[in-house]
Amino acid sequence: MLQTVRKTRTVIYARFSSDMQTAASIDDQIRVCTALASSLDLTVVQIYRDDAISGATDMRPGFQGVMQAAMSGKIDVVVAESLDRLSRDLEHISGFYKRMQYLGVEIVTKAEGTITNYHIGIGGMMNELFLKNLAQKTHRGLEGRVRNGKSAGGKSYGYGILRSPLPNGTFTTGDLVINEVEADITRRIFSDYAAGQSARRIVTALNEEGIPAPRAKTWSFSTISGNWKRGTGILNNDLYIGERIWNRQRFVKCPQTGKRQALPNPPEAWVRETVPDLQIIHQDLWDQVKARQGATRKEILTARDEDNGPQAHKARRPRYLLSGTVECSDCGAGYIMISADRMGCSAARNRGTCDNRKTIRRIDLEERVLNGMRQRLMTPEMITTFVETYQEETRKGKCDAKAARVKTEHDLRAATREIDNIVEAIAKGMFQASMKAKMDALEARKAELEGALATLPEEDTVLLHPGLADLFRKKVEDLVTSLNDPGIKTEAGELLRSLIEKIILTPADDAPNGHLISLQGELAGILSFCDKDIGTNANARSRATGVRQVTMVAGVGFEPATFRL
């Protein structure tokens with residue numbers, strides 16, 4: 001215990017860890033320390049406390065308050081219940097002790113008495129070993145839970161916590177169940193991303209619709225994209241395909257900042273467990289998303305600058321409908337946006353190596369290309385094909401709806417039978433406590449099935465559209481507007497560009513907008529197949545890959561009179 005105290009100005013320090021103690025323990029610590037100070041004739045001038053903060057860090061408000069008081073010369077003694085309340089880190093407690101020694105401040109604890117070098121060396125080492133052993137045991141316990149099919153902590157978006165009663169009156173822990181509302185949003189996110197929408201566009205739509213975010217008030221880009229290497233973000237969560245992966249990363253404390261940092265573990269250290277009951281996303285959709293993510297990363301890595309390395313901005317998605325497909329016939333360079341609404345040859349604009357100074361309005365170019373589609377698609381043969389395809393998809397949808405209705409009715413009858421069996425058992429005096437929980441689950445399941453059944457169409461519902469030909473004509477007439485609709489613009493643009501190898505613009509004073517347009521690629525083939533004279537006018541050649549390439553030259557707005565191949 002404290003032998004000689006020339007000065008009596010004393011502060012008490014108390015702390016509890018949220019994972020080891022309760023809030024009430026901190027009041028007990030203060031009471032014990034106050035009694036100790038009184039027995040030593042010390043005057044307590046201040047009490048510092050840190051609630052629910054680990055002793056592994058020194059960045060604690062109360063602990064830093066003690067340091068500041070000592071450095072300001074306001075105290076003579078620090079009293080705590082034990083050395084591990086001040087710190088469990090050997091480096092931190094050693095530094096604290098050295099600083100107090102330099103400032104002439106003594107440290108006294110109820111458990112160890114007056115702290116000396118011996119206590120710092122032995123006690124500090126034991127406290128640090130305690131933390132390491134605790135971390136190892138915690139890690140071992142979490143791994144055991146994962147291997148038993150349980151969650152090791154945390155709840156991903158799309159799932160809820162399932163707590164089932166146990167015979168001893170407690171409830172199960174670590175069991176997840178699919179939250180159908182959030183699961184639908186998750187499927188929508190995957191589908192939209194696979195269809196070509198960016199994560200930022202998806203986020204914007206979710207926030208505009210007021211859909212609640214997983215944890216924050218609003219959705220953010222990182223919530224969806226996350227980090228593919230660490231498996232964070234909705235698009236990278238393997239749990240959605242029924243696979244739980246644990247131990248992807250470990251946490252270590254930076255000796256300089258005292259903050260924990262996550263470091264990736266090698267794949268061979270990961271723990272993988274299959275949980276098919278928790279699958280939300282179909283494997284095919286997951287593979288589409290992974291393929292698109294991989295393609296985007298490849299674009300970023302391959303779009304390199306000799307001085308600045310990977311250029312992420314060069315892998316941005318095309319902004320306009322025909323971006324990246326338009327070339328100059330004179331030099332082969334791309335046509336780029338040179339103003340808010342006009343396109344021109346990039347070589348002439350940026351390097352001065354091309355004499356083609358003509359420009360064209362972007363919207364005029366898009367309309368001329370799409371007008372060609374519109375006119376070539378408005379044939380009786382194409383309308384007939386559309387009607388047949390629409391009816392076939394409608395029949396398929398009707399069959400799927402019928403199958404879903406049959407299955408839902410079957411499940412509803414099964415749930416009803418189970419409820420009746422339990423009621424009959426209770427009537428015969430065979431009641432057990434577990435029956436109530438079972439009955440509640442069955443009643444909830446029955447209500448869910450009845451709600452689902454109410455949304456399914458009746459078997460005799462007519463699903464055929466009354467005016468398919470008119471519908472097709474309207475869709476084709478509205479082609480330009482539809483392809484610029486923000487809701488489908490990204491997906492439609494990628495599809496359209498995939499059918500176009502390139503669009504070559506040739507300067508011509510007598511042509512509309514000062515340009516002749518030559519279209520190459522699969523779209524050209526699709527449009528030319530709509531022409532009855534393809535056999536005599538088509539200039540087609542087969543490439544080594546077997547893909548048919550057709551070149552079309554458009555005159556005045558792709559007018560049939562001047563449309564030649």
Interatomic distance, [X] atom [atom1] to [Y] atom [atom2] [nearest 0.5 angstrom]:
X	Y	atom1	atom2	value
I189	W219	CD1	CH2	4.0 Å
L235	N227	CG	CG	12.5 Å
S198	R292	OG	CZ	7.0 Å
H515	C328	NE2	SG	7.5 Å
I281	I241	CD1	CD1	9.5 Å
T506	E327	OG1	CD	11.0 Å

Is any side-chain heavy atom of [Y] closer than 4.5 Å to one of [X]?
X	Y	result
L322	Y335	no
Y157	I185	yes
V275	E243	no
T204	R201	no
E409	L449	no
I178	Y159	yes
L505	N356	no
L278	R244	yes

Output side-chain donor-acceptor pairs under 3.5 Å for residues 337-347, partner residues at least two apart or in another chain, one line each.
{"residue": "S339", "atom": "OG", "partner": "R342", "partner atom": "N", "Å": "3.2"}
{"residue": "R342", "atom": "NE", "partner": "T359", "partner atom": "OG1", "Å": "2.8"}
{"residue": "R342", "atom": "NH2", "partner": "T359", "partner atom": "O", "Å": "3.2"}
{"residue": "R342", "atom": "NH2", "partner": "T359", "partner atom": "OG1", "Å": "3.2"}
{"residue": "S346", "atom": "OG", "partner": "G334", "partner atom": "O", "Å": "3.0"}

Margin query: Ring-plane angle category for F190 and W286, please: parallel below 30°, perpendicular beyond 60°, tilted otherwise.
Written below: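 Parallel.
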**Message:** If only side-chain N and O atoms count, and only distance matters, is there a donor-acceptor pair under 3.5 Å linking D284 with Q288?
**Reply:**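 Not at all, the side chains of Q288 and D284 share no donor-acceptor pair under 3.5 Å.
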Which residues pass the salt bridge (Lys or Arg N to Asp or Glu O under 4.0 Å) test with E443, sequence neighbours left out?
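Salt bridge (Lys or Arg N to Asp or Glu O under 4.0 Å) list for E443, sorted by chain: empty.
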Smallest separation among heavy atoms of [X] and [Y], with atom names:
X	Y	result
S156	N237	OG-ND2, 3.1 Å
I280	G158	CD1-O, 3.7 Å
G226	N236	C-ND2, 4.2 Å
V203	S220	CG2-O, 3.3 Å
K290	Q293	NZ-OE1, 2.6 Å

**Request:** Using the salt bridge (charged side-chain N to carboxylate O under 4.0 Å, His left out) rule, take R445 and D411 through it: C-alpha gap first, then chi angles, then the decisive distance, then the call.
**Result:** CA-CA 9 Å; R445 175 61 173 163; D411 293 344; 3.8 Å; yes
### Message
Using the rule side chain to side chain contact (heavy atoms under 4.5 Å, CB included), only one of D364, V369, I363 pairs with E366; which is it?
### Response
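Single side chain to side chain contact (heavy atoms under 4.5 Å, CB included) partner of E366 among D364, V369, I363: I363.
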Checklist entry - Take atom CZ in R188; do more than 12 heavy atoms of anything else shown fall under 6.0 Å from it? => result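 It does: R188 CZ has more than 12 such atoms within range.
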Please determine which of R368, E367, R361 meets the side chain to side chain donor-acceptor pair (under 3.5 Å) test together with N513.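 Looking at R368, E367, R361, the match for N513 under the side chain to side chain donor-acceptor pair (under 3.5 Å) is R368.
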- side-chain hydrogen bond (donor to acceptor under 3.5 Å, both in side chains) pairs, two or more places apart, involving residues 176-186: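 Found D184-R187.
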